[in-house]
2 protein chains.
Amino acid sequence: MTPATSTPDVYSAIGDPTRRALLLRLAAEGQKNVSELLEPFSISQPAISKHLRILREAGLVRSHKEGRLRLYEVEAASLRQVHDWVSHFERYWDQKLDALGDYLDRQER
Amino acid sequence: MTPATSTPDVYSAIGDPTRRALLLRLAAEGQKNVSELLEPFSISQPAISKHLRILREAGLVRSHKEGRLRLYEVEAASLRQVHDWVSHFERYWDQKLDALGDYLDRQER
DNA sequence: TTGACACATAACCATACGGATATACAATTG
DNA sequence: CAATTGTATATCCGTATGGTTATGTGTCAA
């Protein structure tokens, strides 16, 4: 019985530096196939495919076949939640330590 | 031979939902001691202490003793890099495909 | 001084993770 | 058709991660 394979969340998807690099390159250079994405790294093709799968399951990339290539592109709408979450802490790197920060905080949950 | 215990990076530190909840609460409610932080969770005190250590080593909290309590507070300057990184992808959730987005789109090989 | 409390650390365990190699399969090329 | 290329999946492996219980240490109260 295969145990349900829970979908990976966005935070852990971007926790890996290789996946961040993949995302950044896709954003900078647009669609890429697996071999192209693989090239700058010194890891195996299956390793990259695994990373791409995790990114896809986290909703961070999408892909489609074109001939015998599979093209990947960024689909980063789910990064918005990360952006929003991190923004709660903006006052900690902004100089202005306004007591206004307290207002942000009802967003808890 | 114990292998040097590399300092955890910010991305993996916030990859865990418990640690995100801790950070959010500290930001919302200010200083808290370990027992207070522990209370909403159904995990052990050592587990929380471990999370707090990881947050501390990632530069996300700091602490000081006060009597027999140890008070933790947010120290989230290092979240700025995350915020900046995520911002690279803003155009993927903004409706407005600004000039930068258009420019990048045309670079597609 | 003794005991209780607050917390950290140690030791251990199961599972997840990132990598490798081997293989399967679809699509193109000869 | 067979061979080659592009990619995914299967399997395995070592290490990291998140949890537990047990224990050590500092601080306060009686």
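If you're wondering where the values come from, they're calculated on a predicted model, not measured in any experiment. Residue numbers start from 1 in every chain, and the chains themselves are labelled A, B, ... in the order their sequence lines are given, proteins ahead of strands. Any value given below was found using the heavy atoms of this structure, including those in side chains, with hydrogens, waters and symmetry copies removed.
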If you compare every side-chain N and O of [X] against the phosphate oxygens of [N] (OP1, OP2), does one of them come in below 4.0 Å?
{"X": "A:Y72", "N": "D:dG6", "result": "no"}
{"X": "A:R70", "N": "D:dA8", "result": "yes"}
{"X": "A:S44", "N": "C:dA20", "result": "yes"}
{"X": "A:H51", "N": "C:dG19", "result": "yes"}
{"X": "A:S49", "N": "D:dT7", "result": "no"}
{"X": "B:R53", "N": "C:dT9", "result": "yes"}
{"X": "A:N33", "N": "D:dT7", "result": "yes"}

Just checking, is any N or O donor in the side chain of A:D84 or A:S87 under 3.5 Å from an acceptor N or O on the other one?
->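 Side chains of A:D84 and A:S87: no pair found under 3.5 Å.
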
B:E39 versus B:S35, side-chain donor and acceptor atoms under 3.5 Å |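 No, because no side-chain N or O of B:S35 sits under 3.5 Å from a partner of the opposite role on B:E39.
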
Round to a whole Å and report the spacing from [atom1] of [X] to [atom2] of [N].
{"X": "B:R68", "N": "C:dA6", "atom1": "CZ", "atom2": "P", "answer": "6 Å"}
{"X": "A:D16", "N": "C:dC17", "atom1": "CG", "atom2": "P", "answer": "11 Å"}
{"X": "B:I48", "N": "D:dT17", "atom1": "CD1", "atom2": "C1'", "answer": "15 Å"}
{"X": "A:E39", "N": "D:dG6", "atom1": "CD", "atom2": "P", "answer": "13 Å"}

Would you mind telling me which residue lines up with the more 5' stretch of DNA chain D, B:R19 or A:S35, judged by nearest nucleotide?
->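 The residue closer to the strand's 5' end, by nearest nucleotide, is A:S35.
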
Answer with base, sugar-phosphate or nothing: what part of the nucleic acid does A:A47 contact at a heavy-atom distance below 4.0 Å?
->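 Touches sugar-phosphate only.
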
Is any N or O donor-acceptor pair between the side chain of A:K50 and the base of C:dG19 shorter than 3.5 Å?
->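 Looking at the base of C:dG19, it does pair with a donor or acceptor on the side chain of A:K50 (distance under 3.5 Å).
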
Taking atom types as they are modelled, is there a donor-acceptor pair under 3.5 Å from the base of D:dA8 to the side chain of A:Q45?
->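 Such a pair is found, so the answer is yes.
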
If you round to the nearest 0.5 Å, how far is CG of A:L23 from CG of A:L79?
->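 So the gap between those two atoms works out to 6.5 Å.
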
Test side-chain contact (heavy atoms from CB on, under 4.5 Å) applied to B:W85 and A:L24, step by step = CA-CA 9 Å; B:W85 184 83; A:L24 220 45; 3.6 Å; yes

Applying the side chain to side chain contact (heavy atoms under 4.5 Å, CB included) test to A:V86, which of B:H83, B:R80, B:Q81 qualifies?
->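 The side chain to side chain contact (heavy atoms under 4.5 Å, CB included) with A:V86 is passed solely by B:H83 among B:H83, B:R80, B:Q81.
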
Nearest nucleotide by nearest heavy atom, which residue falls closer to the 5' end of DNA chain C, A:E66 or A:T18?
->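 The 5'-side residue here is A:T18.
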
A:P46 has a side chain; which of D:dT5, D:dA8, D:dT27 sits nearest to it?
->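 From the listed options, D:dA8 comes nearest.
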
